[in-house]
Amino acid sequence: MTQTAPSGTTTRHITVAVNGEPVAAQVAVRTLLSDFLRHGCDLTGTHVGCEQGVCGACTVLVDGDAVRSCLMLAVQADGRSVETVESLAAGERLSTFQREMRAQHGLQCGFCTPGILMSVTAAERRGDPVERAEQEVLGGHVCRCTGYAGIRAAIRRTWEERA
Ligand code: FES
Ligand code: FES
C-alpha cells in the first residue's frame, strides 16, 4: 500500500504490521499514526477527537501497549505491530469486553468506544486488577454520553468472566 505525499514533503518508507498484516507505505514524515491508519489503511474505527492526547478516542495498541495515535508519527511505527479496534472481533464474534459493552449499555454515540475498547483490552491482557482497569478507563478516556456506569459494569463483567 502506498500513500502519496504533497510534492516537496519529506517522505520515508515504512513497514508496519497492522492487525497482523504487513503494510508498506511511503509516508510524509509528519503524518500522524492516526491519519495513517484512517486514510492510508482505511481503518476508520480509530476515531480522532481532540488531537492533543486528552480524549483517548484515538487509542490503538503498539506492540501491545495502549498508545494515543494522535501523538505518534507513522514513521515511529516502522517495524512495529499496531492493533486497531477492527482487530478485536473474529468475524461476527465479539470479544468478551465488546459483548459486555453492548450488554451493559457502555456506549451511546460510540465516538469514545474504540479507544476505550483498546485500552481495556491492553489492561485485560496485562492481567490488571479490575480496579486498575476501571481507573484506567476513567482517567484516560473522555465519554460525554454514558456517565461511565455502563462502561464500569462491562469491565467488571469481563473480569468476572475471566476469573
Ligand atoms: S484524538 Fe488522540 S487523545 Fe484525543
Ligand atoms: S458513548 Fe458518546 S462519547 Fe462515549
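Counting starts at 1 for both ligands and their atoms, in listed order.
Residue contacts to atom 4 (Fe) of ligand 2: Cys112 brings an N, O or S atom closer than 2.8 Å. For atom 4 (Fe) of ligand 2, the N/O/S atoms of Cys143 include one lying under 2.8 Å. With 2.8 Å as the limit, Cys58 counts as an N, O or S neighbour of atom 2 (Fe) of ligand 1.
Which parts of ligand 1 touch Cys55 is read off a 4.0 Å heavy-atom cut-off, strictly below it: atoms 1 (S), 3 (S), 4 (Fe). Taking every heavy atom of Val54 and a limit of under 4.0 angstrom, the matching atoms of ligand 1 come to 3 (S). When each atom of ligand 1 is checked for a heavy atom of Gly56 under 4.0 Å away, the hits are 3 (S), 4 (Fe). Listed by number with element, the atoms of ligand 1 under 4.0 Å from a non-hydrogen atom of Cys50 are 1 (S), 3 (S), 4 (Fe). Near Gly53, meaning under 4.0 Å from one of its heavy atoms, ligand 1 places the atoms 3 (S). Against a heavy-atom cut-off of under 4.0 Å, Glu51 is close to the following atoms of ligand 1: 1 (S), 4 (Fe). Taking every heavy atom of Cys70 and a limit of under 4.0 angstrom, the matching atoms of ligand 1 come to 1 (S), 2 (Fe), 3 (S).
Of the protein's heavy atoms, Gln108 N, 3.3 Å lies nearest to atom 1 (S) of ligand 2.
The structure places OG1 of Thr146 at 3.5 Å from CD1 of Ile151, a figure rounded to the nearest 0.5 Å.
Side-chain atoms of Asn19 and Thr84 include a donor-acceptor pair closer than 3.5 Å. At a cut-off of 3.5 Å, with distance as the only test, a side-chain donor of Ser119 or His141 sits close to an acceptor on the other residue.
Each of Thr11, Thr10, Ile14 was checked for a side-chain contact (heavy atoms from CB on, under 4.5 Å) with Val29, and the lone residue meeting it is Thr10. Of the residues Glu100, Glu134, Glu161, Glu131, the one that meets the salt bridge (charged side-chain N to carboxylate O under 4.0 Å, His left out) test with Arg156 is Glu134.
Taking every heavy atom of both residues into account, Val142 and Val54 meet most closely at CG2-O, 4.1 Å. In plain terms, the two heavy atoms of Ala74 and Phe36 that are nearest each other are CB-CB, 3.7 Å. Taking all atoms of both residues into account, the shortest heavy-atom contact from Cys58 to Ser69 is O-OG, 2.6 Å.
Under 4.0 angstrom from ligand 1, there are no non-hydrogen atoms of Leu71.
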